[in-house]
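Working notes, structure below.
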Amino acid sequence: MSDTHTATAILPHLQPGCPDARLALFAIRRMGAHGLCDARASHALFTAFGEGFRRPLLLLRALMADVSGSAAGRIAIAPCCCARMTASEQALLTVLARVETAPEAARLLMADLLGIRQVDGVLASAAAVAAAFADEGRPIIA
């Protein structure tokens with residue numbers, strides 16, 4: 001199997017076209033790889049949101065803590081420089097995009113992602129992140 005086929009198997013999805021979804025993905029990757037208090041994730045959100053950065057940052061940190069604390073297994077994330085996404089990253093961004101408009105679909109995706117049935121708490125965290133982005137004029141569209 002060639003390197004191209006291996007990379008496509010590991011990273012099956014292209015990054016989203018929505019710049020706000022890409023911002024969320026960047027912060028998710030940074031926090032997932034370097035911890036919830038990663039300075040680059042904080043700086044990216046500060047740059048994008050200006051003075052209103054605290055709410056999206058705090059809620060994204062809470063979501064990441066909920067996801068990592070609730071998951072039954074490992075959740076694959078790619079390095080920040082990758083132009084493609086893992087299936088887990090795609091699922092999480094889709095949850096963020098659909099939690100307000102299609103909550104049952106978001107619930108099923110989150111349950112599949114985490115490998116657990118009771119996802120209400122994590123789903124509430126995702127809804128709060130989606131609302132924080134939307135309230136600042138940066139809705140996540142996946």
Side-chain angles (χ1 to χ4, degrees), residues 1-50 53-142:
M1 185 178 260
S2 73
D3 289 339
T4 303
H5 293 298
T6 303
T8 304
I10 295 170
L11 302 165
H13 304 281
L14 291 174
Q15 275 193 4
C18 170
D20 303 318
R22 285 194 309 271
L23 171 64
L25 177 63
F26 176 80
I28 287 166
R29 285 176 170 178
R30 289 297 305 186
M31 288 181 193
H34 302 287
L36 299 178
C37 294
D38 180 69
R40 289 186 182 173
S42 300
H43 183 264
L45 292 173
F46 174 74
T47 301
F49 290 102
F53 82 100
R54 285 180 187 87
R55 180 175 168 227
L57 176 61
L58 179 66
L59 292 171
L60 195 53
R61 285 176 176 166
L63 173 63
M64 292 300 291
D66 285 347
V67 166
S68 67
S70 299
R74 296 184 66 121
I75 296 176
I77 58 170
C80 292
C81 61
C82 284
R84 300 186 66 85
M85 294 187 294
T86 66
S88 297
E89 292 170 333
Q90 171 69 23
L92 188 52
L93 287 178
T94 302
V95 166
L96 290 172
R98 293 187 183 161
V99 70
E100 294 291 328
T101 59
E104 284 309 310
R107 178 181 306 284
L108 291 172
L109 276 171
M110 186 66 81
D112 285 348
L113 174 65
L114 299 178
I116 61 173
R117 288 180 154 184
Q118 298 298 324
V119 295
D120 292 337
V122 183
L123 205 56
S125 292
V129 169
F133 272 66
D135 289 350
E136 293 293 329
R138 296 183 160 277
I140 297 171
I141 301 167

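What you find for H34 and D38 is that their closest heavy atoms are CB-OD1, 3.4 Å. Taking every heavy atom of both residues into account, G115 and A72 meet most closely at O-CB, 3.6 Å. The shortest heavy-atom contact between P103 and T101 is CD-C, 3.6 Å. For A132 against P56, the heavy-atom pair with the smallest separation is CB-CA, 4.0 Å.
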> Hey, mind stepping through L57 and M31 against side chain to side chain contact (heavy atoms under 4.5 Å, CB included) and telling me if it holds?
Replying inline: CA-CA 11 Å; L57 176 61; M31 288 181 193; 3.6 Å; yes
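Remark: side-chain polar atoms of R138 are paired, donor with acceptor, to backbone N or O of A48 under 3.5 angstrom. Distance alone, capped at 3.5 Å, is enough to place a donor-acceptor pair between the T86 side chain and the A76 backbone. E136 places no side-chain N or O within donor-acceptor distance of the main-chain N or O of A131, the cut-off being under 3.5 Å. Side-chain N or O atoms of R84 include one that pairs as donor or acceptor with a backbone N or O of L11 at under 3.5 Å.
Interatomic distance, S70 OG to L113 CG, rounded to the nearest 0.5 Å: 10.5 Å. Rounded to the nearest 0.5 angstrom, L58 CG and F53 CZ are separated by 10.5 Å. In this structure, CG on D20 lies 11.5 Å from CG on L93, to the nearest 0.5 angstrom. A distance of 9.0 Å separates CG of L109 from CD of Q90, quoted to the nearest 0.5 Å. Taken from CG in L25 to CG in L96, the straight-line distance is 10.5 Å, to the nearest 0.5 Å. Between atom CD1 of residue I140 and atom OG1 of residue T94 there is a gap of 11.0 Å, rounded to the nearest 0.5 Å.
Summarising the local packing, NE2 of H43 is surrounded by 12 or fewer heavy atoms from other residues, nucleotides or ligands at distances under 6.0 Å. By the 6.0 Å contact criterion, CZ on F46 is open, its count of non-hydrogen atoms from other residues, nucleotides or ligands being 12 or less.
Within the structure, the salt bridge (Lys or Arg N to Asp or Glu O under 4.0 Å) test picks out the following pairs touching residues 109-125 (sequence neighbours left out): R107-D120.
Between L23 and F133, some side-chain heavy-atom pair lies under the 4.5 Å cut-off. F26 is listed as a side-chain neighbour of R30, based on a closest heavy-atom distance under 4.5 Å. Within the 4.5 Å cutoff, the side chain of P16 has heavy atoms near those of the M85 side chain. Put simply, the side chain of R55 reaches to within 4.5 Å of the side chain of D135, judged on heavy atoms.
Qualifying side chain to side chain donor-acceptor pair (under 3.5 Å) partners for S42, counting only residues two or more places apart in sequence or in other chains: R61.
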In a table with atom names and distances, give each donor-acceptor pair under 3.5 Å that connects a side chain of residues 62-69 to protein atoms at least two apart or in another chain.
| from | atom 1 | to | atom 2 | distance (Å) |
| --- | --- | --- | --- | --- |
| D66 | OD2 | S125 | OG | 2.3 |
| S68 | OG | M64 | O | 3.1 |
| S68 | OG | A65 | O | 3.2 |

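Of the charged side-chain nitrogens involved, at least one lies within less than 4.0 Å of a carboxylate oxygen, so that R29 and E89 count as a salt-bridged pair.
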